[in-house]
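Here is the structure we will look at, set down as C-alpha coordinates.
Within every chain, numbering begins at 1; the chains are lettered A, B, ... in the order of the sequence lines, protein sequences first and strands thereafter.
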Number of protein chains: 2
Amino acid sequence: MSGERRKFRREGEAARREALISAALDLVAESGPQAATVRAIADRAGVTPGLIRHYFASKGELARAAFRTLMDRLNAISDAAIGDPGMTAEQQLATFVVTSLRPPSVDPEVLTQWAGFIHMIRSDDALRSVHEATYVAYRDRLERLIADLARTNDPARLRAQAIACNAVIDGLWLEGSALPSAFAPDALARIGLASVGAILGVDLFPHAPDDLIQEVDPT
Amino acid sequence: MSGERRKFRREGEAARREALISAALDLVAESGPQAATVRAIADRAGVTPGLIRHYFASKGELARAAFRTLMDRLNAISDAAIGDPGMTAEQQLATFVVTSLRPPSVDPEVLTQWAGFIHMIRSDDALRSVHEATYVAYRDRLERLIADLARTNDPARLRAQAIACNAVIDGLWLEGSALPSAFAPDALARIGLASVGAILGVDLFPHAPDDLIQEVDPT
DNA sequence: CATGTAATTATACAAGCGAATAATTACGGG
DNA sequence: CCCGTAATTATTCGCTTGTATAATTACATG
(Lines give C-alpha, C1' and ligand atoms only; values in the text may rest on other atoms or scores of the structure.)
Protein backbone atom coordinates (compact mmCIF):
# COMPACT_ATOMS: atom_id res chain seq x y z
CA MET A 1 0.00 0.00 0.00
CA SER A 2 2.30 2.66 1.29
CA GLY A 3 5.63 1.75 -0.22
CA GLU A 4 5.14 1.64 -3.96
CA ARG A 5 8.51 2.74 -5.13
CA ARG A 6 8.50 4.46 -8.46
CA LYS A 7 9.62 2.42 -11.44
CA PHE A 8 12.42 3.79 -13.57
CA ARG A 9 14.70 3.05 -16.47
CA ARG A 10 18.40 3.64 -16.58
CA GLU A 11 19.21 6.16 -19.27
CA GLY A 12 22.68 7.06 -20.32
CA GLU A 13 24.49 9.90 -18.63
CA ALA A 14 24.36 12.02 -21.77
CA ALA A 15 20.61 11.62 -22.17
CA ARG A 16 19.91 12.46 -18.55
CA ARG A 17 22.13 15.52 -18.54
CA GLU A 18 20.47 16.78 -21.68
CA ALA A 19 17.00 16.12 -20.32
CA LEU A 20 17.79 18.01 -17.14
CA ILE A 21 19.31 20.92 -19.03
CA SER A 22 16.39 21.15 -21.41
CA ALA A 23 13.94 20.98 -18.54
CA ALA A 24 15.75 23.82 -16.80
CA LEU A 25 15.78 25.95 -19.95
CA ASP A 26 12.09 25.26 -20.56
CA LEU A 27 11.18 26.40 -17.10
CA VAL A 28 13.26 29.56 -17.36
CA ALA A 29 11.64 30.33 -20.71
CA GLU A 30 8.14 29.82 -19.40
CA SER A 31 8.21 31.41 -15.98
CA GLY A 32 11.60 32.97 -15.36
CA PRO A 33 14.68 31.81 -13.47
CA GLN A 34 13.02 31.55 -10.06
CA ALA A 35 10.70 28.89 -11.45
CA ALA A 36 13.62 26.63 -12.29
CA THR A 37 13.92 24.99 -8.88
CA VAL A 38 15.60 21.66 -8.36
CA ARG A 39 12.24 20.03 -7.78
CA ALA A 40 10.55 21.60 -10.80
CA ILE A 41 13.46 20.72 -13.08
CA ALA A 42 13.47 17.11 -11.93
CA ASP A 43 9.73 16.87 -12.33
CA ARG A 44 9.86 18.26 -15.85
CA ALA A 45 12.65 15.88 -16.78
CA GLY A 46 10.71 12.93 -15.41
CA VAL A 47 13.10 12.11 -12.57
CA THR A 48 13.33 12.76 -8.85
CA PRO A 49 15.28 15.72 -7.44
CA GLY A 50 18.10 13.65 -6.06
CA LEU A 51 19.21 12.65 -9.52
CA ILE A 52 20.24 16.18 -10.33
CA ARG A 53 22.93 16.00 -7.71
CA HIS A 54 24.07 12.73 -9.18
CA TYR A 55 24.92 14.39 -12.48
CA PHE A 56 25.69 17.93 -11.34
CA ALA A 57 27.68 18.81 -8.27
CA SER A 58 25.32 21.69 -7.52
CA LYS A 59 22.47 23.60 -8.99
CA GLY A 60 24.91 26.26 -10.10
CA GLU A 61 26.78 23.75 -12.19
CA LEU A 62 23.56 22.71 -13.88
CA ALA A 63 22.93 26.39 -14.58
CA ARG A 64 26.35 26.73 -16.15
CA ALA A 65 25.75 23.71 -18.36
CA ALA A 66 22.36 25.07 -19.34
CA PHE A 67 23.83 28.41 -20.36
CA ARG A 68 26.45 26.68 -22.46
CA THR A 69 23.75 24.65 -24.17
CA LEU A 70 21.68 27.74 -24.82
CA MET A 71 24.59 29.56 -26.43
CA ASP A 72 25.47 26.52 -28.51
CA ARG A 73 21.92 26.24 -29.79
CA LEU A 74 21.85 29.89 -30.77
CA ASN A 75 25.15 29.62 -32.56
CA ALA A 76 23.99 26.52 -34.38
CA ILE A 77 20.96 28.29 -35.85
CA SER A 78 22.90 30.98 -37.67
CA ASP A 79 25.79 28.64 -38.38
CA ALA A 80 23.56 26.40 -40.42
CA ALA A 81 22.77 29.33 -42.68
CA ILE A 82 26.25 29.73 -44.10
CA GLY A 83 28.88 27.52 -45.59
CA ASP A 84 26.98 26.66 -48.77
CA PRO A 85 29.71 26.78 -51.41
CA GLY A 86 27.21 27.47 -54.16
CA MET A 87 26.42 30.87 -52.72
CA THR A 88 28.12 34.17 -53.45
CA ALA A 89 29.59 36.15 -50.57
CA GLU A 90 26.66 38.55 -50.75
CA GLN A 91 24.16 35.72 -50.61
CA GLN A 92 25.86 34.15 -47.61
CA LEU A 93 25.89 37.42 -45.70
CA ALA A 94 22.27 38.19 -46.57
CA THR A 95 21.20 34.71 -45.51
CA PHE A 96 23.13 35.03 -42.27
CA VAL A 97 21.43 38.33 -41.45
CA VAL A 98 17.96 37.10 -42.33
CA THR A 99 18.35 33.87 -40.38
CA SER A 100 19.49 35.78 -37.32
CA LEU A 101 16.40 37.97 -37.46
CA ARG A 102 13.75 35.29 -37.83
CA PRO A 103 12.41 32.60 -35.57
CA PRO A 104 13.75 30.51 -34.04
CA SER A 105 16.53 33.03 -33.36
CA VAL A 106 14.07 35.81 -32.66
CA ASP A 107 11.90 34.34 -29.97
CA PRO A 108 10.57 35.72 -26.68
CA GLU A 109 11.45 32.50 -24.90
CA VAL A 110 15.06 32.61 -26.01
CA LEU A 111 15.35 36.19 -24.80
CA THR A 112 13.90 35.22 -21.44
CA GLN A 113 16.40 32.38 -21.16
CA TRP A 114 19.32 34.57 -22.10
CA ALA A 115 18.29 37.31 -19.68
CA GLY A 116 17.79 34.77 -16.95
CA PHE A 117 21.48 33.92 -16.99
CA ILE A 118 22.98 37.32 -17.66
CA HIS A 119 23.34 38.30 -14.03
CA MET A 120 25.70 35.37 -13.49
CA ILE A 121 28.15 36.75 -16.04
CA ARG A 122 29.32 39.30 -13.51
CA SER A 123 30.10 36.83 -10.76
CA ASP A 124 30.87 33.53 -12.49
CA ASP A 125 34.12 33.37 -14.42
CA ALA A 126 33.25 30.19 -16.30
CA LEU A 127 29.99 31.68 -17.46
CA ARG A 128 31.64 34.89 -18.54
CA SER A 129 34.10 32.92 -20.64
CA VAL A 130 31.26 31.15 -22.42
CA HIS A 131 29.55 34.45 -23.04
CA GLU A 132 32.67 36.11 -24.39
CA ALA A 133 33.52 33.16 -26.60
CA THR A 134 30.02 33.12 -28.04
CA TYR A 135 30.10 36.82 -28.79
CA VAL A 136 33.51 36.64 -30.41
CA ALA A 137 32.59 33.59 -32.46
CA TYR A 138 29.51 35.28 -33.84
CA ARG A 139 31.33 38.52 -34.58
CA ASP A 140 34.22 36.71 -36.24
CA ARG A 141 31.90 34.78 -38.49
CA LEU A 142 30.30 38.06 -39.47
CA GLU A 143 33.71 39.64 -40.02
CA ARG A 144 34.73 36.81 -42.33
CA LEU A 145 31.54 37.16 -44.34
CA ILE A 146 32.16 40.89 -44.66
CA ALA A 147 35.76 40.32 -45.66
CA ASP A 148 34.59 38.00 -48.43
CA LEU A 149 32.76 40.92 -49.99
CA ALA A 150 36.23 42.36 -50.61
CA ARG A 151 35.07 45.94 -50.17
CA THR A 152 37.97 46.73 -47.88
CA ASN A 153 40.93 44.94 -46.43
CA ASP A 154 41.77 47.40 -43.68
CA PRO A 155 41.65 45.15 -40.60
CA ALA A 156 40.60 47.90 -38.20
CA ARG A 157 37.81 49.02 -40.51
CA LEU A 158 36.73 45.43 -41.00
CA ARG A 159 36.56 44.89 -37.26
CA ALA A 160 34.57 48.07 -36.72
CA GLN A 161 32.14 47.10 -39.44
CA ALA A 162 31.70 43.67 -37.91
CA ILE A 163 31.00 45.18 -34.49
CA ALA A 164 28.50 47.58 -36.01
CA CYS A 165 26.68 44.91 -38.03
CA ASN A 166 26.67 42.63 -35.03
CA ALA A 167 25.10 45.41 -33.00
CA VAL A 168 22.32 46.07 -35.52
CA ILE A 169 21.50 42.39 -35.60
CA ASP A 170 21.61 42.05 -31.82
CA GLY A 171 19.51 45.16 -31.33
CA LEU A 172 16.87 44.04 -33.80
CA TRP A 173 16.92 40.58 -32.25
CA LEU A 174 16.39 42.13 -28.86
CA GLU A 175 13.47 44.27 -29.92
CA GLY A 176 11.81 41.58 -31.96
CA SER A 177 12.07 39.16 -29.07
CA ALA A 178 10.95 41.61 -26.43
CA LEU A 179 8.05 43.04 -28.47
CA PRO A 180 7.00 40.21 -30.77
CA SER A 181 3.75 41.87 -31.76
CA ALA A 182 5.35 45.14 -32.78
CA PHE A 183 6.84 43.91 -36.05
CA ALA A 184 5.31 42.38 -39.16
CA PRO A 185 6.77 39.08 -40.38
CA ASP A 186 10.28 39.58 -41.75
CA ALA A 187 10.13 43.31 -41.03
CA LEU A 188 13.17 42.91 -38.81
CA ALA A 189 14.97 40.94 -41.50
CA ARG A 190 14.34 43.66 -44.09
CA ILE A 191 15.48 46.42 -41.74
CA GLY A 192 18.52 44.33 -40.89
CA LEU A 193 19.42 43.86 -44.56
CA ALA A 194 18.99 47.57 -45.23
CA SER A 195 21.06 48.61 -42.23
CA VAL A 196 23.89 46.14 -42.71
CA GLY A 197 23.89 47.09 -46.39
CA ALA A 198 24.11 50.78 -45.53
CA ILE A 199 26.96 50.22 -43.09
CA LEU A 200 28.92 48.21 -45.65
CA GLY A 201 27.90 50.15 -48.74
CA VAL A 202 26.25 47.15 -50.44
CA ASP A 203 22.71 46.50 -51.55
CA LEU A 204 21.95 43.12 -50.04
CA PHE A 205 18.30 42.81 -51.07
CA PRO A 206 18.99 41.23 -54.47
CA HIS A 207 20.91 38.51 -52.64
CA ALA A 208 18.37 37.77 -49.92
CA PRO A 209 16.77 34.33 -49.61
CA ASP A 210 13.86 33.80 -52.00
CA ASP A 211 11.35 33.31 -49.22
CA LEU A 212 11.94 36.73 -47.69
CA ILE A 213 8.55 38.32 -47.25
CA GLN A 214 8.50 41.56 -49.19
CA GLU A 215 7.09 44.71 -47.75
CA VAL A 216 3.38 44.97 -48.44
CA ASP A 217 2.68 48.13 -50.37
CA PRO A 218 -0.63 49.43 -48.94
CA THR A 219 -1.71 51.28 -52.09
CA MET B 1 17.83 43.75 28.60
CA SER B 2 15.98 41.59 26.17
CA GLY B 3 13.39 43.95 24.74
CA GLU B 4 15.28 46.84 23.24
CA ARG B 5 13.02 47.84 20.47
CA ARG B 6 14.73 49.49 17.58
CA LYS B 7 14.49 53.27 17.35
CA PHE B 8 13.14 54.75 14.14
CA ARG B 9 12.13 57.96 12.44
CA ARG B 10 8.99 58.50 10.44
CA GLU B 11 9.92 59.35 6.88
CA GLY B 12 7.45 60.42 4.27
CA GLU B 13 5.80 57.83 2.08
CA ALA B 14 7.60 59.08 -1.01
CA ALA B 15 11.03 58.83 0.64
CA ARG B 16 10.40 55.33 1.93
CA ARG B 17 9.08 54.04 -1.36
CA GLU B 18 12.08 55.46 -3.16
CA ALA B 19 14.50 54.05 -0.62
CA LEU B 20 12.95 50.59 -0.94
CA ILE B 21 12.96 50.74 -4.73
CA SER B 22 16.58 51.88 -4.86
CA ALA B 23 17.59 49.18 -2.42
CA ALA B 24 15.91 46.56 -4.57
CA LEU B 25 17.58 47.83 -7.74
CA ASP B 26 20.96 47.94 -6.01
CA LEU B 27 20.67 44.35 -4.92
CA VAL B 28 19.61 43.18 -8.36
CA ALA B 29 22.52 45.04 -9.89
CA GLU B 30 25.03 43.56 -7.47
CA SER B 31 23.96 39.97 -7.17
CA GLY B 32 21.02 39.29 -9.44
CA PRO B 33 17.29 39.11 -8.88
CA GLN B 34 17.35 36.22 -6.43
CA ALA B 35 19.38 38.34 -4.04
CA ALA B 36 16.63 40.92 -3.82
CA THR B 37 14.67 39.24 -1.05
CA VAL B 38 12.23 41.07 1.16
CA ARG B 39 14.65 40.89 4.05
CA ALA B 40 17.69 42.01 2.08
CA ILE B 41 15.80 44.92 0.55
CA ALA B 42 14.53 46.09 3.93
CA ASP B 43 17.99 45.76 5.41
CA ARG B 44 19.57 47.78 2.63
CA ALA B 45 16.91 50.45 2.96
CA GLY B 46 17.45 50.63 6.72
CA VAL B 47 14.02 49.38 7.75
CA THR B 48 12.47 46.11 8.87
CA PRO B 49 10.85 43.72 6.41
CA GLY B 50 7.32 44.40 7.56
CA LEU B 51 7.49 47.95 6.28
CA ILE B 52 7.67 46.76 2.70
CA ARG B 53 4.19 45.37 2.99
CA HIS B 54 3.03 48.66 4.43
CA TYR B 55 3.96 50.48 1.23
CA PHE B 56 3.59 47.73 -1.33
CA ALA B 57 0.77 45.22 -1.39
CA SER B 58 3.19 42.46 -2.36
CA LYS B 59 6.75 41.94 -3.42
CA GLY B 60 5.57 41.79 -7.01
CA GLU B 61 4.21 45.29 -6.75
CA LEU B 62 7.53 46.54 -5.45
CA ALA B 63 9.17 44.84 -8.40
CA ARG B 64 6.82 46.60 -10.80
CA ALA B 65 7.56 49.95 -9.20
CA ALA B 66 11.28 49.23 -9.37
CA PHE B 67 11.10 48.41 -13.08
CA ARG B 68 9.21 51.64 -13.75
CA THR B 69 11.87 53.59 -11.87
CA LEU B 70 14.65 51.87 -13.78
CA MET B 71 13.09 52.69 -17.13
CA ASP B 72 12.48 56.28 -16.07
CA ARG B 73 16.08 56.69 -15.05
CA LEU B 74 17.32 55.33 -18.35
CA ASN B 75 15.03 57.59 -20.30
CA ALA B 76 16.13 60.58 -18.28
CA ILE B 77 19.79 60.06 -19.15
CA SER B 78 19.36 60.33 -22.90
CA ASP B 79 16.55 62.86 -22.55
CA ALA B 80 18.87 65.30 -20.87
CA ALA B 81 21.12 65.20 -23.93
CA ILE B 82 18.65 66.82 -26.30
CA GLY B 83 16.44 69.85 -26.29
CA ASP B 84 19.24 72.42 -26.37
CA PRO B 85 17.87 75.04 -28.81
CA GLY B 86 21.33 76.26 -29.66
CA MET B 87 22.20 72.99 -31.34
CA THR B 88 21.68 72.00 -34.94
CA ALA B 89 19.64 68.91 -35.73
CA GLU B 90 22.83 67.05 -36.53
CA GLN B 91 24.40 68.04 -33.25
CA GLN B 92 21.37 66.96 -31.28
CA LEU B 93 21.28 63.58 -32.96
CA ALA B 94 25.00 63.05 -32.53
CA THR B 95 24.80 64.00 -28.86
CA PHE B 96 21.86 61.68 -28.36
CA VAL B 97 23.75 58.76 -29.89
CA VAL B 98 26.93 59.43 -27.95
CA THR B 99 25.12 59.85 -24.65
CA SER B 100 23.29 56.57 -25.16
CA LEU B 101 26.58 54.76 -25.72
CA ARG B 102 28.53 56.04 -22.73
CA PRO B 103 28.24 55.53 -19.04
CA PRO B 104 25.99 55.84 -17.19
CA SER B 105 23.78 54.44 -19.96
CA VAL B 106 26.29 51.77 -20.84
CA ASP B 107 26.84 50.02 -17.54
CA PRO B 108 27.00 46.34 -16.54
CA GLU B 109 24.83 47.01 -13.52
CA VAL B 110 22.09 48.58 -15.57
CA LEU B 111 22.11 45.62 -17.93
CA THR B 112 21.85 43.24 -15.00
CA GLN B 113 18.92 45.18 -13.63
CA TRP B 114 17.15 45.27 -16.96
CA ALA B 115 17.69 41.57 -17.56
CA GLY B 116 16.50 40.76 -14.08
CA PHE B 117 13.06 42.09 -14.88
CA ILE B 118 12.71 40.97 -18.47
CA HIS B 119 11.16 37.61 -17.69
CA MET B 120 8.20 39.38 -16.09
CA ILE B 121 7.31 41.08 -19.34
CA ARG B 122 5.80 37.87 -20.63
CA SER B 123 3.48 37.29 -17.71
CA ASP B 124 2.78 40.73 -16.23
CA ASP B 125 0.62 43.04 -18.31
CA ALA B 126 1.48 46.17 -16.34
CA LEU B 127 5.16 45.52 -16.75
CA ARG B 128 4.79 44.88 -20.45
CA SER B 129 3.02 48.20 -20.86
CA VAL B 130 5.88 50.02 -19.18
CA HIS B 131 8.37 48.24 -21.38
CA GLU B 132 6.46 49.00 -24.58
CA ALA B 133 5.95 52.62 -23.62
CA THR B 134 9.65 53.03 -22.88
CA TYR B 135 10.67 51.51 -26.19
CA VAL B 136 8.21 53.61 -28.17
CA ALA B 137 9.19 56.81 -26.35
CA TYR B 138 12.86 56.24 -27.11
CA ARG B 139 12.23 55.34 -30.73
CA ASP B 140 9.93 58.31 -31.25
CA ARG B 141 12.48 60.71 -29.87
CA LEU B 142 15.00 59.24 -32.26
CA GLU B 143 12.51 59.47 -35.13
CA ARG B 144 11.91 63.15 -34.39
CA LEU B 145 15.64 63.84 -34.36
CA ILE B 146 16.01 62.06 -37.68
CA ALA B 147 13.06 63.94 -39.14
CA ASP B 148 14.71 67.22 -38.18
CA LEU B 149 17.60 66.35 -40.46
CA ALA B 150 15.05 66.74 -43.28
CA ARG B 151 16.67 64.07 -45.43
CA THR B 152 13.33 62.44 -46.13
CA ASN B 153 9.74 62.95 -45.21
CA ASP B 154 8.41 59.55 -46.17
CA PRO B 155 6.83 58.40 -42.90
CA ALA B 156 7.40 54.69 -43.51
CA ARG B 157 11.04 55.28 -44.39
CA LEU B 158 11.44 57.52 -41.35
CA ARG B 159 10.00 54.86 -39.10
CA ALA B 160 12.22 52.16 -40.54
CA GLN B 161 15.29 54.37 -40.09
CA ALA B 162 14.32 55.06 -36.50
CA ILE B 163 13.92 51.34 -35.80
CA ALA B 164 17.27 50.62 -37.41
CA CYS B 165 19.12 53.36 -35.54
CA ASN B 166 17.45 52.33 -32.32
CA ALA B 167 18.63 48.79 -32.95
CA VAL B 168 22.26 49.79 -33.52
CA ILE B 169 22.24 51.82 -30.35
CA ASP B 170 20.56 49.07 -28.35
CA GLY B 171 22.89 46.44 -29.73
CA LEU B 172 26.00 48.46 -28.95
CA TRP B 173 24.60 49.27 -25.52
CA LEU B 174 24.07 45.59 -24.94
CA GLU B 175 27.54 44.56 -25.95
CA GLY B 176 29.26 47.36 -24.15
CA SER B 177 27.38 46.56 -20.97
CA ALA B 178 27.83 42.81 -21.22
CA LEU B 179 31.52 42.97 -22.16
CA PRO B 180 32.79 46.18 -20.60
CA SER B 181 36.44 45.33 -21.07
CA ALA B 182 36.12 44.57 -24.77
CA PHE B 183 35.82 48.17 -25.92
CA ALA B 184 38.10 51.18 -25.57
CA PRO B 185 36.58 54.36 -24.14
CA ASP B 186 34.10 55.89 -26.59
CA ALA B 187 34.73 53.13 -29.12
CA LEU B 188 31.06 52.26 -28.95
CA ALA B 189 30.11 55.91 -29.40
CA ARG B 190 32.26 56.22 -32.50
CA ILE B 191 30.90 53.04 -34.03
CA GLY B 192 27.41 54.23 -33.18
CA LEU B 193 27.96 57.56 -34.90
CA ALA B 194 29.41 55.85 -37.97
CA SER B 195 26.57 53.33 -38.19
CA VAL B 196 23.72 55.74 -37.60
CA GLY B 197 25.38 58.08 -40.07
CA ALA B 198 25.64 55.31 -42.67
CA ILE B 199 22.01 54.33 -42.21
CA LEU B 200 20.85 57.92 -42.61
CA GLY B 201 23.41 59.01 -45.19
CA VAL B 202 24.91 61.74 -42.99
CA ASP B 203 28.38 62.23 -41.60
CA LEU B 204 27.73 62.84 -37.93
CA PHE B 205 31.33 63.06 -36.73
CA PRO B 206 31.74 66.79 -37.37
CA HIS B 207 28.71 67.33 -35.11
CA ALA B 208 29.73 65.09 -32.24
CA PRO B 209 30.30 66.50 -28.74
CA ASP B 210 33.74 68.06 -28.31
CA ASP B 211 34.77 65.65 -25.62
CA LEU B 212 34.36 62.59 -27.82
CA ILE B 213 37.55 60.59 -27.52
CA GLN B 214 39.05 60.23 -30.99
CA GLU B 215 40.40 56.97 -32.23
CA VAL B 216 44.04 56.61 -31.39
CA ASP B 217 46.04 56.19 -34.57
CA PRO B 218 48.75 53.63 -33.72
CA THR B 219 51.22 54.84 -36.33
C1' DC C 1 1.09 68.61 27.71
C1' DA C 2 -2.24 64.98 26.56
C1' DT C 3 -4.01 62.09 22.90
C1' DG C 4 -5.07 59.71 18.65
C1' DT C 5 -3.33 57.64 14.70
C1' DA C 6 -0.50 56.05 11.39
C1' DA C 7 4.25 54.54 10.67
C1' DT C 8 7.24 51.17 12.16
C1' DT C 9 8.92 47.10 14.54
C1' DA C 10 8.55 42.39 16.27
C1' DT C 11 7.14 37.85 15.98
C1' DA C 12 5.26 33.88 14.03
C1' DC C 13 3.95 30.69 10.31
C1' DA C 14 3.53 27.63 6.47
C1' DA C 15 5.65 26.60 2.31
C1' DG C 16 9.45 25.87 -0.49
C1' DC C 17 14.36 25.91 -1.12
C1' DG C 18 19.08 23.35 -2.09
C1' DA C 19 21.63 19.81 -0.23
C1' DA C 20 22.93 15.46 2.09
C1' DT C 21 22.34 10.65 2.99
C1' DA C 22 20.36 6.15 3.04
C1' DA C 23 17.59 2.70 0.83
C1' DT C 24 16.30 0.42 -3.45
C1' DT C 25 16.30 -1.38 -8.10
C1' DA C 26 17.57 -1.91 -12.97
C1' DC C 27 20.62 -4.10 -15.78
C1' DG C 28 25.09 -5.79 -17.88
C1' DG C 29 29.05 -9.24 -17.31
C1' DG C 30 30.22 -13.48 -15.34
C1' DC D 1 20.69 -17.24 -13.97
C1' DC D 2 22.74 -14.61 -10.56
C1' DC D 3 25.19 -11.01 -8.71
C1' DG D 4 27.62 -6.67 -8.20
C1' DT D 5 27.38 -2.00 -8.98
C1' DA D 6 25.92 2.14 -10.36
C1' DA D 7 21.66 4.70 -11.43
C1' DT D 8 17.70 6.15 -9.28
C1' DT D 9 14.36 6.99 -5.64
C1' DA D 10 13.04 8.22 -0.93
C1' DT D 11 13.53 10.74 3.09
C1' DT D 12 15.28 14.11 5.91
C1' DC D 13 17.61 18.40 7.40
C1' DG D 14 18.46 23.22 8.26
C1' DC D 15 17.44 27.54 6.14
C1' DT D 16 15.18 31.04 3.68
C1' DT D 17 11.32 32.74 1.57
C1' DG D 18 6.99 35.83 1.33
C1' DT D 19 3.21 36.98 4.07
C1' DA D 20 0.19 37.84 7.98
C1' DT D 21 -0.81 39.88 12.36
C1' DA D 22 -0.09 41.98 16.75
C1' DA D 23 2.53 45.15 19.61
C1' DT D 24 4.84 49.53 19.93
C1' DT D 25 6.32 54.22 19.17
C1' DA D 26 7.04 58.66 16.82
C1' DC D 27 4.89 62.65 15.84
C1' DA D 28 1.10 66.06 14.55
C1' DT D 29 -2.76 68.13 16.35
C1' DG D 30 -5.37 70.23 19.74
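Contact annotation for B:Glu13: no contact, since no heavy-atom pair falls under 4.0 Å across all strands.
The stretch residues 50-69 of chain A comes close to DNA chain D through A:Gly50, A:Leu51, A:His54, A:Tyr55, each having a heavy atom under 4.0 Å from the strand. Residues from residues 24-47 of chain A that place a heavy atom under 4.0 Å from any atom of DNA chain C, listed by number: A:Thr37, A:Val38, A:Arg39.
When the P atom of D:dA7 is taken as reference, atom CZ of A:Arg17 falls 11 Å away, rounded to whole Å. In this structure, the NZ atom of B:Lys7 is 7 Å from the P atom of D:dT25, given to the nearest Å. One interatomic measurement links the two molecules: CZ of B:Arg5 to C1' of D:dA23, which rounds to 6 Å at whole-angstrom precision. Rounding to whole angstrom units, CD of residue B:Glu4 and C1' of D:dT24 are separated by 15 Å.
Aromatic ring orientation, B:Trp114 versus B:His131: tilted (interplanar angle from 30° to 60°). The aromatic rings of A:Tyr138 and A:Phe96 sit tilted, their planes meeting at an angle between 30° and 60°.
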Inset, instruction - Please assess B:Phe8 against B:Thr48 for the test side chain to side chain contact (heavy atoms under 4.5 Å, CB included), listing each intermediate value before the final yes or no. - result: CA-CA 10 Å; B:Phe8 61 92; B:Thr48 51; over 6 Å; no
Inset, instruction - Would you check, one step at a time, whether the test side chain to side chain donor-acceptor pair (under 3.5 Å) holds for A:Arg73 with A:Ser22? - result: CA-CA 11 Å; A:Arg73 287 182 186 173; A:Ser22 289; 2.9 Å; yes
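Applying the ring-ring contact (aromatic ring centres under 6.0 Å, His included) test to pairs two or more places apart or on separate chains, those with a residue in residues 30-67 of chain B are B:Phe67-B:Phe117.
Between A:Ile52 and A:Ala42, the shortest heavy-atom contact is CD1-N, 4.1 Å.
Between A:Arg9 and A:Glu11, at least one side-chain nitrogen of the basic residue sits less than 4.0 Å from a carboxylate oxygen of the acidic one, meeting the salt-bridge criterion. Salt-bridge check for A:Asp211 with A:Arg102: passed, with a basic side-chain N closer than 4.0 Å to an acidic carboxylate O.
Taking 3.5 Å as the limit, the base of D:dT9 and the side chain of A:Arg6 contain no donor-acceptor pair of atoms between them.
For C:dT8, one of the phosphate oxygens OP1 or OP2 lies less than 4.0 angstrom from a side-chain nitrogen or oxygen of B:Arg16.
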